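Remember, predicted model here, so these are calculated numbers, not experimental data.
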Amino acid sequence: LLSRNDLHELAASDYKKAWEMHPNETTGLRYASTLNIISRPQEAIRLLQDCRKKFPANAGFSNMLGDLYVQVGQTKHALQLYDDMVRTDSMDFESWYEKGLLQEKTGDTAGAIASLRKAYTLQPVNTYALELAHVYAESRNAAAIGLCDEVLRKDSMHELIDPLFIKGIYYSNTGQGKQAIVQFDSCIRRDWKFTDAYLEKGMVLFH
């Protein structure tokens, strides 16, 4: 009730007491989440590490811990955590995806591509396809075009903008200015408020 009324500091005290009296999975998740909300991430990390030992089958603790590691800048710990998770369950597409995002952030392009490709193979959803296509586009890999076209073919309402934008980025990065402008113009036609398309088109025209 305290949490629902945004009294998180008070709620944290109650969750702590409940955890000490009877440490179960639901209390652990809520207590850790509340500690993060009130800007006590290190305490939340220690709690989640304990929860992972107590409840190894609950992936929620590992997912929250990974997010916290990234939040506090402990990239190596986060990567190690995701490595452990995919080693335990190679079909865990969410962990492959999160690992890929982190590798992309740290500049490990090859690793990011491998992880994101694995995630997309296991769970072929647009989010994973477009993130992988984005990494391809930034690394001047033509595979970006095929992935974006694959997503566009499934877009029966012709509403998606991201695949067009990513194609524009690829063409811009590979010096194909005219093709890039076609893609950015397509983005603008679908959403005239999409400012990134104007910015990228402006840079292509400038060059």
TODO: Hey, could you give me the OG/CG distance between Ser186 and Asp191, rounded to the nearest 0.5 Å?
DONE: 13.0 Å
TODO: Check whether any side-chain N or O of Asn36 sits under 3.5 Å from a backbone N or O of Pro41 as a donor-acceptor pair, and report yes or no.
DONE: no
TODO: Indicate the atoms forming the closest heavy-atom contact of Tyr15 with Thr27, along with that distance.
DONE: O-CG2, 3.8 Å
- [ ] Rounded to the nearest 0.5 Å, what's the gap from CG on Asn58 to CD on Glu25? Could you check?
- [x] 4.5 Å
TODO: Could you please spell out the steps behind the side-chain contact (heavy atoms from CB on, under 4.5 Å) verdict for Tyr170 and Gln176?
DONE: CA-CA 8 Å; Tyr170 168 76; Gln176 303 178 68; 4.0 Å; yes
Task: Whether over 12 other heavy atoms sit under 6.0 Å from Arg190 CZ - done: yes
Open item on the list: Membership question, hydrophobic clusters at under 4.5 Å side-chain separation (ILVMFWY): are Val70 and Leu116 in the same one?
Closed with: no
TODO: Taking ring pair (Phe, Tyr, Trp, His ring centres under 6.0 Å) as the test, write out the residues that go with His77, two or more places apart.
DONE: Tyr69
TODO: Calculate, to the nearest 0.5 Å, the distance between atoms OG and CD belonging to Ser62 and Gln49 respectively.
DONE: 10.5 Å
Task: Value rounded to 0.5 Å, distance of CD1 in Ile161 from CG in Asp196 - done: 10.5 Å
Task: Cationic N near anionic O, under 4.0 Å, Lys53 to Asp50 - done: no
Open item on the list: I'd like to check the salt bridge (charged side-chain N to carboxylate O under 4.0 Å, His left out) partners of Glu43; sequence neighbours left out, ordered by chain and number.
Closed with: Arg40
- [ ] Grab the two heavy atoms, one from Tyr198 and one from Trp192, that are nearest each other, plus how far apart they are.
- [x] OH-O, 2.7 Å
TODO: With the side chain counted from C-beta on, respond yes when Tyr120 and Leu147 share a heavy-atom pair under 4.5 Å apart, and no when they do not.
DONE: yes
TODO: Determine whether Ile169 and His134 make a side-chain contact, defined as any pair of heavy atoms from C-beta on separated by less than 4.5 Å.
DONE: no
Open item on the list: Go through it in stages, so that I can follow the logic: the residues are Glu98 and Met85, the test is side-chain contact (heavy atoms from CB on, under 4.5 Å), and I'd like the CA-CA distance, side-chain angles, deciding distance and then a yes or no.
Closed with: CA-CA 11 Å; Glu98 293 297 333; Met85 291 171 71; over 6 Å; no
Task: Contact summary for Leu47 and Gly28, nearest pair of heavy atoms - done: CD2-O, 3.8 Å
- [ ] Please check if Tyr31 and Leu65 belong to a single hydrophobic cluster, counting links between Ile, Leu, Val, Met, Phe, Trp and Tyr side chain heavy atoms closer than 4.5 Å.
- [x] yes
Task: Backbone of Glu104 reached by a side-chain donor or acceptor of Asp108 within 3.5 Å - done: no
Task: side-chain contact (heavy atoms from CB on, under 4.5 Å) between Ile181 and Asp185, worked out - done: CA-CA 6 Å; Ile181 288 173; Asp185 281 341; 3.5 Å; yes
TODO: Determine whether Val182 and Val204 fall in the same hydrophobic cluster, where Ile, Leu, Val, Met, Phe, Trp and Tyr are linked whenever their side-chain heavy atoms lie under 4.5 Å apart.
DONE: no
- [ ] May I ask you to test the Ile145-Ile166 pair for a side-chain heavy-atom distance under 4.5 Å?
- [x] no
TODO: Without swapping roles, check the side chain of Asn141 against the backbone of Ala143 for a donor-acceptor pair under 3.5 Å.
DONE: yes
Open item on the list: I'd like to know whether Leu29 forms a side-chain contact (heavy atoms from CB on, under 4.5 Å) with Met64, so could you lay out the CA-CA distance, the side-chain angles of the two residues, the decisive distance to 0.1 Å, and finally the verdict.
Closed with: CA-CA 9 Å; Leu29 283 169; Met64 192 184 296; 3.9 Å; yes
Open item on the list: Can a donor-acceptor pair be found, under 3.5 Å and without considering hydrogens, that links the side chain of Ser139 to the backbone of Val135?
Closed with: yes
Open item on the list: Between Phe194 and Phe165, is the ring centroid distance below 6.0 Å?
Closed with: yes
Task: Distance in Å, Cys187 SG paired with Lys201 NZ, rounded so as to fall on 0.5 Å steps - done: 11.0 Å
Task: hydrophobic_cluster_shared for Leu122 and Leu101, side chain cutoff 4.5 Å - done: yes
Task: Heavy-atom pair of closest approach, residues Lys99 and Tyr82 - done: CB-CB, 3.8 Å
Open item on the list: Run the side-chain contact (heavy atoms from CB on, under 4.5 Å) test against Glu94 and tell me which residues pass, sequence neighbours left out.
Closed with: Asn63, Asp92, Tyr128
Open item on the list: With a 4.5 Å cut-off on side-chain heavy atoms, are Phe93 and Thr121 touching?
Closed with: no
Task: Separation of Met157 CE from Leu160 CG (nearest 0.5 Å) - done: 11.0 Å
TODO: Please name the residue in the list Glu200, Lys167, Gln179, Arg189 that meets the side chain to side chain contact (heavy atoms under 4.5 Å, CB included) test with Phe184.
DONE: Glu200
- [ ] Write down the atom of Asn173, the atom of Ala137, and the distance for their closest heavy-atom approach.
- [x] ND2-O, 3.0 Å
Task: Flag for Asp84-Gln80: side-chain donor and acceptor within less than 3.5 Å - done: yes
Open item on the list: So which atom in Ser3 and which in Ala11 form the shortest heavy-atom distance, rounded to 0.1 Å?
Closed with: OG-CB, 3.4 Å
Task: Contact check, side chains of Leu164 and Cys148, non-hydrogen atoms, under 4.5 Å - done: no
Open item on the list: Are Thr109 and Ile113 packed together at the side-chain level, in the sense that at least one heavy-atom pair is separated by less than 4.5 angstrom?
Closed with: yes
TODO: Indicate yes or no: at least one non-hydrogen side-chain atom of Cys51 is less than 4.5 angstrom from one of Trp19.
DONE: yes
Open item on the list: With a sphere of 6.0 Å drawn around NZ of Lys154, does it hold more than 12 non-hydrogen atoms of other residues, nucleotides or ligands?
Closed with: yes
Task: Verify same cluster id: Tyr136, Leu102 (apolar side-chain graph, 4.5 Å) - done: no
